[in-house]
Amino acid sequence: MAKITLDNLAHSYNPRPQSEDDFALKELNHVWNDGEAYALLGSSGCGKSTLLNIISGLLVPSQGRILFNDVDVTEKPTAERNIAQVFQFPVVYDTMTVRGNLAFPLKNRGADAAYIADRVQKIAHMIGMEAVLDRKAQGLTADAKQKISLGRGMVREDVNALLFDEPLTVIDPHMKWELRTQLKSLHHEFGHTMIYVTHDQTEALTFADKVVVMYDGRVVQIGTPQELFERPAHTFVGYFIGSPGMNLMDAQVEGTTAYVNGATIPLGHGYSKLDGKVQIGVRPEFARLSDSEGLPVKVRRVEDVGRHKIVRAEFFGSDINIIAGESDRITSDMTRVVFDPSRVNVYANSWRVSGEAA
Ligand code: ADP
Ligand code: MG
């Protein structure tokens, strides 16, 4: 297992990049702690696979270094990095049996036969393929082949890190949940450093101790699920995480007050003069409807989603979402909205400003 350090790392697929826009991965410094489980989360095209492939050695970065336990591996090929990587689509040896596929990484390393047999049995159990161990991989479904790929990724106990690149894409929803749980328990049992790439926030938040959120080639926040929820560092984190995501409004901010369309919104912190585009962000969980206090709002629709209700409303001509309790009654005289001041985040040019205690 290893601590992985990214030092001044950046990558452009263009051999002669002219500007920052030419970089699929903007400059990045980060340490992945030994034994932690990370999710790398972001929408398609934001640079997740680029980063993962640099860590595994499939790609040489155009700038910077990668260190495994403080040893520079930037120029080392994948085979010398001692990592396991599982991709979005299955990579299996069709002519081998399932057993042969699972045993392959161990045989390759010269492990002894009894250990291999035992380990293969364990992994087959985890991926639910004990019954088909002696079948050829050829002819199995894509979903079964992907389970073999996952199994092969997990079979070695001595790897520096386990890297997963959207590995559950072709797996059916029920099995997805099951495999994710297995991966988590594998992490608890062996304490591997794991990096799990996904564009699905539920997957990221349930799998990882820490979530690394990427947007447009940049890491915009690294935090626990709770930190991402309570203090989104960038407006992208605010609206990408949560369902629905954070409400964002253009505002002016002076001291402990925000002004939206001239209406005043009290803030939990004080701010000195802010430059650039100023916005406030409030999660739907921290807004509530009222019949007496707060600012005018027009309720458009109420969606009952079981655990709570999502109120879709209009606030000074813009859409706003409010989460109400499962048993809350929403009446026609509720024409006002109140924001919890301590939960209102302030952003300048998309980045969160922390403010001073009020
Ligand atoms: P993600 O995995 O988050 O979907 P990628 O890392 O695959 O994103 O891609 C990041 C950006 O780099 C995208 O704009 C993509 O089009 C570009 N890109 C990826 N691979 C290559 C490549 N081999 N050559 C040129 N551009 C690439
Ligand atoms: Mg990708």
Side-chain angles (χ1 to χ4, degrees), residues 4 6-30 32 37-66 73-75 77-78 81 83-92 142-143 145-146 149-150 152-153 161-171 176 179-180 183 193-208 210-223 225 228 232-241 245 350:
I4 300 171
L6 310 180
D7 174 28
N8 261 321
L9 200 71
H11 188 69
S12 173
Y13 287 100
N14 182 336
R16 269 181 288 279
Q18 304 296 318
S19 71
E20 218 185 25
D21 286 348
D22 290 338
F23 280 81
L25 191 67
K26 270 85 165 169
E27 195 173 293
L28 171 62
N29 288 285
H30 178 56
W32 310 80
Y38 295 90
L40 194 50
L41 174 69
S43 15
S44 172
C46 71
K48 305 181 296 295
S49 295
T50 302
L51 178 52
L52 208 68
N53 292 341
I54 289 174
I55 295 174
S56 67
L58 293 175
L59 199 60
V60 178
S62 31
Q63 178 196 309
R65 300 187 307 157
I66 306 118
V73 299
T74 317
E75 301 296 331
T78 304
R81 295 194 188 189
I83 46 108
Q85 187 168 8
V86 180
F87 301 91
Q88 194 165 3
F89 298 104
V91 183
V92 298
D143 164 286
K145 287 185 182 179
Q146 182 64 355
S149 300
L150 267 168
R152 227 182 33 215
L162 279 168
L163 311 180
F164 300 96
D165 195 345
E166 316 224 22
L168 305 183
T169 311
V170 297
I171 305 278
K176 246 185 202 168
L179 285 173
R180 203 162 66 224
L183 285 177
T193 309
M194 285 192 184
I195 307 178
Y196 185 102
V197 167
T198 177
H199 61 270
D200 177 336
Q201 59 161 316
T202 311
E203 251 181 39
L205 299 172
T206 55
F207 171 76
K210 286 224 182 91
V211 181
V212 178
V213 186
M214 287 186 73
Y215 172 63
D216 192 20
R218 217 182 284 278
V219 169
V220 285
Q221 188 167 8
I222 301 170
L228 301 178
H234 189 277
T235 51
F236 176 77
V237 180
Y239 67 74
F240 192 68
I241 288 174
S350 305

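Numbering of ligands and ligand atoms starts at 1, following listing order.
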Pick from Gly47, Gly45, Gly217: the one approaching atom 11 (C) of ligand 1 most closely through a non-hydrogen atom
Gly45

Would Ser49 count as a contact for the Mg ion (ligand 2), in the sense that one of its N, O or S atoms lies under 2.8 Å from it?
yes

List ligand 1 atoms under 4.0 Å from Ala24, heavy atoms only on the residue side.
11 (C), 12 (O)

Counting only non-hydrogen atoms of the protein, does one fall under 4.0 Å from atom 16 (O) of ligand 1?
no

Which of Glu166, Arg180, Glu203 passes side-chain hydrogen bond (donor to acceptor under 3.5 Å, both in side chains) with Thr198? Answer is Glu203

NZ on Lys48 to CG on Leu25, rounded to 0.5 Å:
12.0 Å

CZ (Phe87) and CG (Asn53) are apart, to the nearest 0.5 Å, by 6.0 Å

Please round to the nearest 0.5 Å and tell me the distance separating atom CD1 of Ile66 and atom CD1 of Ile4.
9.5 Å

Could you find the nearest protein heavy atom to atom 6 (O) of ligand 1 and give me its residue, atom name and distance?
Thr50 OG1, 2.5 Å

Quick one: look up the protein heavy atom nearest atom 7 (O) of ligand 1 and list residue, atom name and how far away it is.
Ser49 CB, 3.8 Å

Nearest neighbour of atom 27 (C) of ligand 1 from the list Tyr215, Phe23, Tyr13, on a heavy-atom basis:
Tyr13

From CD1 (Ile222) to CE (Met214), nearest 0.5 Å
10.0 Å

Any side-chain to backbone donor/acceptor pair from Thr78 onto Ser56? Under 3.5 Å, distance only.
yes

